[in-house]
There are 2 protein chains.
Amino acid sequence: MTLSALTAQATRQDNFATQVLSQLKQDILSGFYNPGEKLRMARLKERYNVGVSPLREALSQLLVEQLVVVENQRGFKVHPTSQAELQDIYQTRAAIEALCVGQAIDLGDDAWEASILAAAHQLKKSAPLLDDTLQNSQQWEKLHHNFHTVICLGCQSPALMQVRLGLYEKASRYRNLWLKQHMVDNAVFDANFKEHDELVETLLKRDKEKAVSMIKSHLLAPYVLLKDSQF
Amino acid sequence: MTLSALTAQATRQDNFATQVLSQLKQDILSGFYNPGEKLRMARLKERYNVGVSPLREALSQLLVEQLVVVENQRGFKVHPTSQAELQDIYQTRAAIEALCVGQAIDLGDDAWEASILAAAHQLKKSAPLLDDTLQNSQQWEKLHHNFHTVICLGCQSPALMQVRLGLYEKASRYRNLWLKQHMVDNAVFDANFKEHDELVETLLKRDKEKAVSMIKSHLLAPYVLLKDSQF
DNA sequence: CCCAGTAATAATGTCGACATTTTTGTGTAA
DNA sequence: TTACACAAAAATGTCGACATTATTACTGGG
């Protein structure tokens, strides 16, 4: 216990289940495990260097987040993918994030506007690196997500933000699976630099209707690419 | 294991964690445990007749649903309540359910309309019993929730329905805590029988704007009562 | 050759035990 | 009396072991 806790450079304020949760989630979202793949305990124990108890706790949480499924006495599997779920997730995500943006425009203050400009700036600065390594691509995606998160934070609703995050994660799984399959990186989705500038402008002008509409199409753009793929 | 599994009349297709999850959730939502109350393992083991493993799995799931909180090495507590969260939950719930209703009006078919009429009928039939026992009151609340669920099902989005359910549950916790505190039953909230009739009519007419508006005010009505209470 | 029934193998779900940490209780000194 | 240090008690988090259940392999009959 002390051994692996230290080797894993664990903050002592997290228990094993919490650590395993984030690793396991990352592995599922990144496509390390395939949809529907059986998650045998022996293998998981070996990979994450923990016993079954923390593993089952982590898997239980992923169960609620619908990233794994369970059948009694038959263990855990990675949540299967489907065209129907892909569509549901992307469309619902667009609707939810549109809701966030709409409320943010009503409620956002000066600090909100400032944070948007800051996030947009960081995003733009990292854009030139896009064609570079996978790591840079992931870094850009992180900034991209941060940009949208900051916008949504203006809605001032933790509940909405949490729902939004869950949908983002599930969508990112489909995106990652697609990227893995097609051997390209995030850059494919994000040729729309201009959209961000225009979005910022629209938000600062508090043009609710246009901003909501832009967000929806912005988030559904990747779906158009993904929807005809095989998962 | 076999013993308690049988005494609890357990369907063999559910493991202990699943059974404990529903009981524990029910106990939290019903207000059996107080907000912020410490959930000591010894007590939980005794109450639910299981070991720590299934308990921790169930609690892990409630953690994701934000019905409990955890601090490392200090165990689990019931999620605390707050005015801020009360407001966030009720307002977000209204927004989400309005979204469901809006989409349902766009997508709902004949079967959807029929199911609404059926649910409304059942609800109306059970209304006369309202002043009766606590059990009838809970039965009515169940039918009431079913009525709204059926309406929302027209949106044809499992993701949205799941989000909606989570918010309903959290809202119901606040409602139950309030009821417990004020020593009255659900009937207080539901003097609005006419609203249901009018809502059905509006839905069948596909008057989206009016239906969305009605749902919002319908769901926020209890909040007006709750918001000035002490939790 | 293929299928059914059965034995073996493997994997799951649960509990009890142990080490670690937190909390409680007690006594001493200022 | 209050504050602090230290000891005792309790509670948490984890693992290994065990019973139960599912899966695979094998054998014999059709």
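Protein chains get the first letters and strands the later ones, always in sequence-line order, with residue 1 at the start of each.
Only at 4.0 angstrom or more do the heavy atoms of residues 55-66 of chain A sit from any atom of DNA chain D, so none qualifies.
A:T18 and A:N15 are linked by a side-chain donor-acceptor pair at a separation below 3.5 angstrom, with hydrogens and angles left out of the test.
For the residue pair B:E85 and B:P80, the shortest heavy atom distance occurs at OE1-O, 3.9 Å.
In this structure, A:Q91 CD and A:L86 CG are separated by 9.5 Å, a value rounded to the nearest 0.5 Å.
In this structure, the CG atom of A:N15 is 7 Å from the C1' atom of D:dG13, given to the nearest Å. Atom NZ of B:K77 is separated from atom P of C:dT22 by 14 Å (rounded to the nearest Å). We find that CZ of B:R40 is positioned 14 Å from P of D:dG13, with the value rounded to whole Å. Separating the CD atom of A:Q73 from the P atom of C:dT9 is a distance of 21 Å, rounded to the nearest angstrom. Rounded to whole angstrom, the span from the CG atom of A:L21 across to the P atom of D:dT14 amounts to 13 Å. The CD-P distance, from A:Q19 to D:dG13, rounds to 13 Å in whole Å. Rounded to an integer number of Å, the gap from CE of A:M41 to P of D:dC18 is 20 Å. To the nearest angstrom, C1' of C:dT14 lies 14 Å from CG of B:N49.
Residue B:K45 is classed as having no contact, given no heavy-atom separation below 4.0 Å to the nucleic acid. Within 4.0 Å (heavy atoms only), B:L39 reaches sugar-phosphate atoms of the nucleic acid but no base atom.
A cation-pi geometry, defined here as NZ or CZ lying under 6.0 Å from the six-membered ring centre and within 45° of its normal, holds between A:R47 and A:F32.
At least one side-chain nitrogen or oxygen of B:K38 sits closer than 4.0 Å to the OP1 or OP2 atom of D:dT12.
The ring pair (Phe, Tyr, Trp, His ring centres under 6.0 Å) check on A:Y174 picks up A:F231, with sequence neighbours excluded.
A 4.5 Å side-chain heavy-atom check between B:Y48 and B:D27 finds at least one atom pair inside the cut-off.
Where B:R74 and A:S53 meet DNA chain C, the nucleotide closest to each residue was compared, and A:S53 sits on the side nearer the 5' end.
Ring-plane geometry between B:H148 and B:H144 is classed as perpendicular, the angle between the planes exceeding 60 degrees on a 0 to 90 degree scale with a lower cut at 30.
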